[in-house]
Structures are given as C-alpha cells and as structure tokens.
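Working notes, structure below.
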Amino acid sequence: MAVETAAYAEQTDIQRDITEMVRQFADEQIIPNAEKYDHEDSFPKPIVEQMKELGLFGVTIPEEYGGMGLDLTTYAMIVEELSRGWISISGVVNTHFIGSYLLMKFGTEEQKQYFLPKMATGEIRAAFSLSEPEVGSDVQGIKATAKKGDDGAWELNGQKMWVTNGLGSGVVFVLMKSDPKADPPYKGMTCFITEKEPWKEVNEGDFAGLDVPPKIKKMGYKGVESTELVYDGYRCPPERVLGGEEAGVGQGFVQMMDALEVGRVNVAARGVGIGQRALELALRYSQERKTFGKPIAAHQAIQFKLADMATQLEAARLVTRKAARMKDAGERSDLEAGMAKLLASETGKFCVEESFRIHGGYGYSKEYEIERLYRDAPLLLIGEGTSEIQRMVIGKKLLQRHKI
Ligand SMILES: Cc1cc2nc3c(=O)[nH]c(=O)nc-3n(C[C@H](O)[C@H](O)[C@H](O)COP(=O)(O)OP(=O)(O)OC[C@H]3O[C@@H](n4cnc5c(N)ncnc54)[C@H](O)[C@@H]3O)c2cc1C
C-alpha cells in the first residue's frame, strides 16, 4: 500500500514517470521479497538483474556513455523509492553512483570511455573505499599506502574496512596515502581505480594482491555485503590514478570529499524513503488495530505520532531535494547536503521508531516489516559521515559563510 503524502506536483514529467516506475518496481519486486533476502542475508540477484534492465545503474551517467544522463535531483527521487522498498537495494547502487560521479567529474577521457559504458549497464559495479579498521570519520588518518615502483606502476598496501559491495564489485575507488610525509596529510592522498574480479575472494593475475575477507556480520542492511579489503602488493598501473597521474596524484582527498557531498544527498534520500515506508506501515496498522473499543488511530496520542512523522518527513524531503537542486545548478551545496543528511537520516530513524511503537508487541515480531526497518534505519546515522560529523560540517560552513 502506497500512501500519498509527498508533494509530487513539483516534479517534471520525466521525474514523475520514472518515480512512478520505480515505486511500482518497489511495490511489486522489492517489498514482497525483502524479508527472504534479509533473513538469508543473501544478495538479491534477481532484483538487481531487473534493475539493470531498467537502466538504474546508469541514471546519472551521460547518454554518450550509455546512461540516462539524468540529474542528481532525479537520482535522489529514485533512491527514495528504492529505499522505501529496502535500503539494501539502494546500497547496491549507492557506491556505484559515487564511483561514476568520480569518473564523470575527475576521470580522464580514457577512464570514462573504459569504465562508464560498462557501469551504465551494470555489467560491472563500483565500490568506494575510504574507511579503515582504525579510521572512519577522520579520513586524513588513513594508513594504507601507495608507492610508485621503478616500472611506473603503483604498489598498494593496507587494509580497508566497511566496503559496501566489497565482494561483488568489479572496480573499487580507493583512497591511499601516496606521500606519507605530506603536511597537511590530505595533500598526500591519491584515489586509485582498482579493478578486481567480481565475487572472487582471492584475486589473481593482473589483480593479484587484492583479497576480500568474509563479509562482516551486521544487525541490518543485509543482502548487500560489507567487507574488508586487503591490498597486499596490488599493482595499479599509472593510468588508473583517478584523473591521470599529472592531475590526480595528491588530489584524492579533495576528490573523495567532493563525491561525499553527492553521497550525502543520496543517504538523505534513503532516510526519506525508509521514513516514508515506516509512516505507511503506521497509517495502515493504526487503522486496523483496536484498543479500548476503537482503532488506535482514533486515539489522539497515536494521531500526534502520525502527524509528527509526516511533518518531519516532508521537511526532510524538501531539504534533500533543495540540496540536490543546488548541486545540479552548479551552486555550492556542502552546507545543504550536510543539513539534508543530518535531518533526513535522523527523521528516518525517528519515523521507524514511532512506527515500531505504534505496532506494539507485533513490531518486535519478525512477522512484521517494521522489525526489519528497525534494524536497517540506524545505518543511515553512521554511513557517509555520522550525525556528529554532519553537525561539525554544518557549524564550520555556517561560520565560514558568516565570518565577521
Ligand atoms: C554498513 C556500513 C557500510 C559502510 N560502507 C562504507 C563504504 O562503502 N565505504 C567506506 O569508505 N566506508 C563505509 N562505511 C564506514 C562509515 O563511513 C564509517 O563507519 C563512518 O564514517 C564512521 O566512522 P567510524 O565507524 O570509524 O566511527 P568513528 O570515526 O570512530 O566515530 C565514533 C564516534 O565518535 C564520533 N566522533 C568522531 N569524531 C568526532 C568529533 N571530532 N567530534 C565529535 N564526535 C566525533 C562519531 O560521530 C561516532 O559517534 C560503512 C559503515 C557501515 C556501518
């Protein structure tokens, strides 16, 4: 059941058509099957295959490279609908989207020609790797290294952590320390485009030296794998430095932070999507369940919960779309992307918890969808920068913009 609460009148015809198509896909293919894949913690291959057919891996990739050439705003609307179905499905495309953004903005023509057409169809999927066992928020503290060898190739060594799509991806955009002496450290970091064999735990031949340990066991966000990556003497040719050696060495931190800005809009859209689903479930259950002789929806305390959920959700949706539109218009949107990520991820969690409470004891049962949402929602508070980090970004940007 889809409950219409969103102001879709603001959408263009293309946005409305594609949103409706993805919403139907979520209703028919994702929601009915999510419980099975969540329970098994298995990769939802049939759903992903259908997403390839729908072109969802190439939404923002330009048409000349085989994609749809749509903007971030439209992409955010699609992500909202996919996440309304199951956030793990949006996780399958999220790092891929960030990888294609990096290529489109910073890649050499050769890199674009080589990767983007295969990425647009989903033939290969991309992962994005900053985090390490000892480093998440403080990206400048990464330890993994890249050292240039006599033959011109770069040798990559070190351990990466929490790589979404770490096993199934065919290419990983990875941040490495290429100049350990650089001060400040971010000036000595480079992004490498590391190819690998999808679904192979131990890579061989050209990709030897990149191993994928068993996937990390998680409370939620199942189905899409999160893994460590071990680079141990992996040889990366110089033409696989993002943007080419001349333009790219030492630019990795700046490139990755730029990509995180669009990534934050994307996580915000996921918060709106999961919150929307939680609201729908609450609206339905509260009209079905009776206490004290009437549906619980007739109790004012429950109506207040529904009202707060819908109101916060609408605000989160609007700020998410504003951040996306500003980015599409070429405006600075770091502040707005941070606000959108903070508000929408917290709103998603809030709506899920309120919906869970409305479900009473049944919310605690695996028979009900809200139980899965309750395990999935907290991820959004962490990934792509925690709420604390968003507040730091917002505070810093505010002071920069309003310096006296
Ligand atoms: C399921 C999942 C998927 C992920 N996917 C990816 C991926 O694909 N690629 C990738 O690179 N990473 C990924 N991550 C990692 C994620 O980005 C990090 O977990 C996140 O950035 C937080 O880093 P951390 O876990 O090291 O926490 P820490 O940085 O250790 O932070 C711990 C706590 O301290 C707080 N904190 C830290 N610094 C400050 C400060 N200065 N002031 C106030 N509070 C502070 C944080 O907000 C947090 O509450 C994923 C994580 C998860 C759980």
Side-chain angles (χ1 to χ4, degrees), residues 38 41 43 79 83 86-102 125-144 156 158-177 189 191-194 196 212-231 242 252-253 255-264 266-268 270-271 274 337-338 341-342 345-346 348-349 372-373 375-396:
D38 172 77
D41 193 7
F43 187 72
V79 169
S83 307
W86 184 20
I87 65 161
S88 295
I89 296 296
S90 57
V92 172
V93 284
N94 175 27
T95 57
H96 185 83
F97 158 75
I98 294 179
S100 54
Y101 175 84
L102 282 169
R125 293 191 295 110
F128 169 82
S129 176
L130 301 171
S131 305
E132 295 183 359
E134 290 173 39
V135 173
S137 308
D138 181 14
V139 179
Q140 288 201 60
I142 62 163
K143 297 202 171 107
L156 309 190
Q159 196 175 347
K160 290 288 174 181
M161 183 75 188
W162 288 120
V163 186
T164 306
N165 298 301
L167 186 61
S169 54
V171 58
V172 184
F173 292 79
V174 65
L175 189 65
M176 293 277 168
K177 234 175 161 160
M189 293 180 184
C191 175
F192 292 88
I193 311 172
T194 57
K196 63 193 266 298
V212 190
K215 66 184 181 188
I216 301 165
K217 291 184 180 156
K218 299 170 291 190
M219 71 187 268
Y221 198 45
K222 307 223 179 195
V224 58
E225 76 284 3
S226 309
T227 72
E228 294 171 45
L229 287 181
V230 180
Y231 288 88
L242 180 63
F253 182 86
Q255 293 165 337
M256 294 297 221
M257 291 302 124
D258 186 318
L260 273 188
E261 206 174 295
V262 290
R264 282 175 182 158
N266 171 41
V267 176
R270 296 160 88 183
I274 197 169
K341 202 273 169 182
L342 174 64
S345 60
E346 294 286 349
K349 172 80 171 61
R372 171 173 58 74
L373 271 58
R375 289 183 285 105
D376 284 346
L379 165 68
L380 304 178
L381 307 175
I382 306 293
E384 236 99 338
T386 63
S387 292
E388 291 76 17
I389 295 299
Q390 302 312 318
R391 286 189 173 93
M392 281 164 58
V393 170
I394 295 165
K396 205 163 121 192

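When a ligand or atom number is given, it counts from 1 through the structure's own listing order. In this chain, residues are counted from 1 in sequence order.
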Task: Nearest neighbour of atom 24 (P) of ligand 1 from the list Gly136, Pro378, Gly383, on a heavy-atom basis - done: Gly136

Spacing of [X] atom [atom1] and [Y] atom [atom2] [to the nearest 0.5 Å]:
{"X": "Lys215", "Y": "Thr164", "atom1": "NZ", "atom2": "OG1", "answer": "13.0 Å"}
{"X": "Glu384", "Y": "Ser345", "atom1": "CD", "atom2": "OG", "answer": "11.0 Å"}
{"X": "Lys349", "Y": "Leu373", "atom1": "NZ", "atom2": "CG", "answer": "11.5 Å"}
{"X": "Leu380", "Y": "Thr386", "atom1": "CG", "atom2": "OG1", "answer": "13.0 Å"}

Which protein heavy atom lies closest to [atom], and at what distance to 0.1 Å?
{"atom": "atom 11 (O) of ligand 1", "answer": "Leu130 N, 2.8 Å"}
{"atom": "atom 16 (C) of ligand 1", "answer": "Ser131 OG, 3.9 Å"}
{"atom": "atom 49 (O) of ligand 1", "answer": "Glu388 OE1, 3.6 Å"}
{"atom": "atom 1 (C) of ligand 1", "answer": "Leu379 CD1, 3.3 Å"}
{"atom": "atom 37 (C) of ligand 1", "answer": "Ser137 OG, 3.8 Å"}
{"atom": "atom 39 (C) of ligand 1", "answer": "Ile389 CD1, 4.1 Å"}
{"atom": "atom 20 (C) of ligand 1", "answer": "Ile382 O, 3.7 Å"}
{"atom": "atom 47 (O) of ligand 1", "answer": "Thr386 OG1, 2.6 Å"}

Do [X] and [Y] come within less than 4.5 Å of each other through their side chains, counting heavy atoms only?
{"X": "Lys160", "Y": "Ile142", "result": "yes"}
{"X": "Trp162", "Y": "Lys218", "result": "yes"}
{"X": "Leu242", "Y": "Phe192", "result": "no"}

Taking heavy atoms and a distance under 4.0 Å, where does [X] meet ligand 1: side chain, backbone, both or neither?
{"X": "Ser129", "answer": "backbone"}
{"X": "Trp162", "answer": "both"}
{"X": "Asp138", "answer": "neither"}

- [ ] Determine, using heavy atoms of Met392 and all atoms of ligand 1, whether some pair is separated by less than 4.0 Å.
- [x] yes

- [ ] Run the salt-bridge test on Lys143 and Glu134 with the 4.0 Å N-O cut-off and return the result as yes or no.
- [x] yes

Task: Qualifying residue, where the test is side chain to side chain contact (heavy atoms under 4.5 Å, CB included) with Tyr221 and the options are Asp41, Ile87, Asp38 - done: Ile87

Open item on the list: I'd like to know if atom 34 (O) of ligand 1 has any protein heavy atom within a distance of less than 4.0 Å.
Closed with: no

Open item on the list: So, regarding Thr164 and ligand 1 (criterion: nitrogen or oxygen to nitrogen or oxygen, under 3.5 Å), is there a contact or not?
Closed with: yes

Task: Audit row: Phe128, Asn94, side-chain contact (heavy atoms from CB on, under 4.5 Å) steps and yes/no - done: CA-CA 9 Å; Phe128 169 82; Asn94 175 27; over 6 Å; no

